[in-house]
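Notes to accompany the following structure.
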2 protein chains.
Amino acid sequence: MGENIESCSCNIIHEDVVRRVRKKIPREETLIDLAELFKIFGDSTRIKIICALFVSEMCVCDIAALLKMNQSAISHQLRILKQARLVKFRKEGKVVYYSLDDNHVQQIFDCGLAHINHK
Amino acid sequence: MGENIESCSCNIIHEDVVRRVRKKIPREETLIDLAELFKIFGDSTRIKIICALFVSEMCVCDIAALLKMNQSAISHQLRILKQARLVKFRKEGKVVYYSLDDNHVQQIFDCGLAHINHK
DNA sequence: TTAACATATGAACACATATTCATATATAAA
DNA sequence: TTTATATATGAATATGTGTTCATATGTTAA
């Protein structure tokens, strides 16, 4: 017994609980992916960008102006949002317009907001 | 016009859009709080702890055994979760049992999970 | 072509943060 | 009291990350 339970400095107090929980939780990869997703929402610049795109598609320059940040910082953050497939873009000449690429984004945002407002 | 729009290196392309978005988005403090909340979910150790506590209340030692991490690391993360009022605890002798302190936690978790599973 | 502009991107830097180690605190058992 | 155990916590360290700067890319206008 307990072949997976030896790498912490303390004794097991409730081995049954540990085993039961281990069986019920999603597999590690899923939880890591989930943390990665929330990490993307966990930066105020990215949250502001996401929130802005709820209202309207915007070009990089507009977002920079809105947030009073330089264009490079916004581009870097947009790249992260793009890689996570949370935003999509279309090009029109020199200008690149970004918009949201996932319906779940609003849901996740609203879930969090409900928590904030409820306190 | 444009008294708030001068701190980025590029010209304004769609001043009307920027103004409209600025009026509609929540105030900055709210968005910062929201990012702080998601940041807490954005770490795999904390997500695993939260997920485990959906199943059962657990003591520190059990969580450490479950995640195969040392007790100190778990205590530090529990402190962060406690400060965010996401978990609560009860003491029973030497043992401290942690459990979830907020109904929204499950909702937020599920929202994120739905996104992960939908891809 | 040349110049101007919107955006992207690599490197550097500063700062945040997760884990570990050592140790403190608190409680129970001997 | 002494010892053992569960948990908490400060310091140190290593790693991650957001922003800036310089510059590259790509497109439009002159």
Side-chain angles (χ1 to χ4, degrees), chain A residues 5 7-15 17-18 31-32 35-36 38-50 57-84 87-99, chain B residues 5 7-15 17-18 31-32 35-36 38-50 57-84 87-99:
Chain A
I5 302 177
S7 50
C8 92
S9 58
C10 46
N11 302 326
I12 301 299
I13 302 189
H14 310 93
E15 219 169 321
V17 171
V18 173
L31 295 175
I32 289 172
E36 287 303 311
F38 285 127
K39 197 173 293 179
I40 291 172
F41 284 80
D43 173 78
S44 61
T45 300
R46 287 191 294 268
I47 274 285
K48 287 173 189 172
I49 293 173
I50 289 169
E57 73 168 7
M58 294 181 87
C59 71
V60 178
C61 202
D62 289 346
I63 299 173
L66 174 72
L67 304 187
K68 295 168 193 168
M69 292 176 63
N70 79 46
Q71 170 268 320
S72 178
I74 301 302
S75 274
H76 280 297
Q77 295 306 334
L78 284 170
R79 190 162 60 88
I80 292 171
L81 292 168
K82 208 189 318 180
Q83 282 170 347
V87 303
K88 62 179 189 292
F89 64 94
R90 66 182 180 87
K91 292 179 115 174
E92 197 170 285
K94 291 179 291 191
V95 184
V96 181
Y97 294 92
Y98 282 85
S99 57
Chain B
I5 303 176
S7 50
C8 93
S9 58
C10 46
N11 302 325
I12 301 301
I13 302 190
H14 310 93
E15 217 169 323
V17 171
V18 174
L31 295 174
I32 290 172
E36 287 302 312
F38 285 127
K39 196 174 292 178
I40 292 173
F41 283 80
D43 173 79
S44 61
T45 300
R46 287 192 293 268
I47 273 284
K48 287 172 188 172
I49 294 173
I50 288 169
E57 72 169 9
M58 295 182 86
C59 71
V60 178
C61 203
D62 289 345
I63 298 172
L66 174 72
L67 304 187
K68 296 168 191 165
M69 292 177 63
N70 79 47
Q71 169 269 319
S72 179
I74 302 301
S75 274
H76 280 297
Q77 295 304 334
L78 283 170
R79 190 161 60 88
I80 291 171
L81 292 169
K82 207 189 319 179
Q83 283 170 346
V87 302
K88 60 182 191 287
F89 65 95
R90 67 182 180 87
K91 292 180 115 174
E92 196 170 285
K94 291 179 292 191
V95 184
V96 181
Y97 294 92
Y98 282 86
S99 57

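Since this is a predicted model, take the numbers as computed values, not measurements. Note on naming: letters A, B, ... go to the chains in the order of the sequence lines (proteins, then strands), and numbering restarts at 1 for each one.
One axis for each end of the helix from dT1(C)-dA30(D) to dA30(C)-dT1(D), each built from five base pairs, and the angle between them comes to 10° at 10° resolution.
Listed by residue number, K94(B), V95(B), V96(B), Y98(B) are the residues of residues 87-98 of chain B with a heavy-atom contact under 4.0 Å to DNA chain D.
Summarising the geometry, atom CG belonging to L31(B) is positioned 11.5 Å from atom CG belonging to D43(A); distances are rounded to the nearest 0.5 Å.
Rounded to a whole Å, the CD atom of E57(A) is 12 Å from the P atom of dT7(C). Rounded to a whole Å, the CZ atom of F38(A) is 17 Å from the P atom of dT17(D). Regarding L81(B), its CG atom lies at a distance of 14 Å from the P atom of dT17(C), rounded to whole Å. Atom pair R79(A):CZ and dT25(D):C1' shows a separation of 15 Å (rounding to whole Å applied). Distance K68(B) NZ to dA18(C) P: 22 Å, rounded to the nearest Å. Atoms CE (M58(A)) and C1' (dT7(C)) sit 15 Å apart, rounded to a whole Å.
Listed here is the closest heavy atom pair of C59(B) and I13(A): SG-CD1, 3.9 Å. Between I40(B) and A84(B), the closest heavy-atom pair is CD1-CB, 3.1 Å.
Each of K39(A) and I13(A) has a nearest nucleotide on DNA chain D; the 5'-most of these lies closest to I13(A).
Remark: side-chain polar atoms of R46(A) are paired, donor with acceptor, to backbone N or O of K39(A) under 3.5 angstrom.
Every residue two or more places apart in sequence or in another chain was checked for a side-chain contact (heavy atoms from CB on, under 4.5 Å) with K94(B), and none qualifies. Scored by the side chain to side chain donor-acceptor pair (under 3.5 Å) test, S75(B) finds Q71(B) as partners (sequence neighbours excluded). Considering only residues two or more places apart in sequence or on other chains, Q83(B) meets the side chain to side chain donor-acceptor pair (under 3.5 Å) condition with none of them.
The phosphate of dA18(C) has OP1 or OP2 within less than 4.0 Å of a side-chain N or O from R46(B).
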Please tabulate, one pair per line, each protein N/O and nucleotide N/O from nucleotides 19-23 of chain D that are separated by under 3.5 Å, including the distance.
| unit_1 | atom_1 | unit_2 | atom_2 | d |
| --- | --- | --- | --- | --- |
| dT19(D) | OP1 | T45(A) | OG1 | 2.8 |
| dT19(D) | OP2 | Q77(A) | NE2 | 3.0 |
| dT20(D) | OP2 | N70(A) | ND2 | 2.9 |
| dT20(D) | O5' | N70(A) | ND2 | 3.4 |
| dT20(D) | O4 | H76(A) | NE2 | 3.1 |
| dC21(D) | N4 | S72(A) | OG | 2.5 |

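Across all strands shown, I63(A) has no heavy atoms under 4.0 Å from either base or sugar-phosphate atoms. Note on I80(A): only backbone sugar-phosphate atoms sit closer than 4.0 angstrom, heavy atoms only; bases stay farther off.
Proximity of Q77(A) to M69(A): side-chain heavy atoms (C-beta onward) are nowhere separated by under 4.5 Å. With a 4.5 Å cut-off on side-chain heavy atoms, M58(B) and V18(A) count as touching.
Results of the side-chain contact (heavy atoms from CB on, under 4.5 Å) test with I49(B) over L66(B), I80(B), L81(B) single out L81(B) as the only residue that passes.
Aromatic ring pairs are classed by plane angle as parallel below 30°, tilted from 30° to 60° and perpendicular above 60°; the pair F38(B) and F38(A) is parallel.
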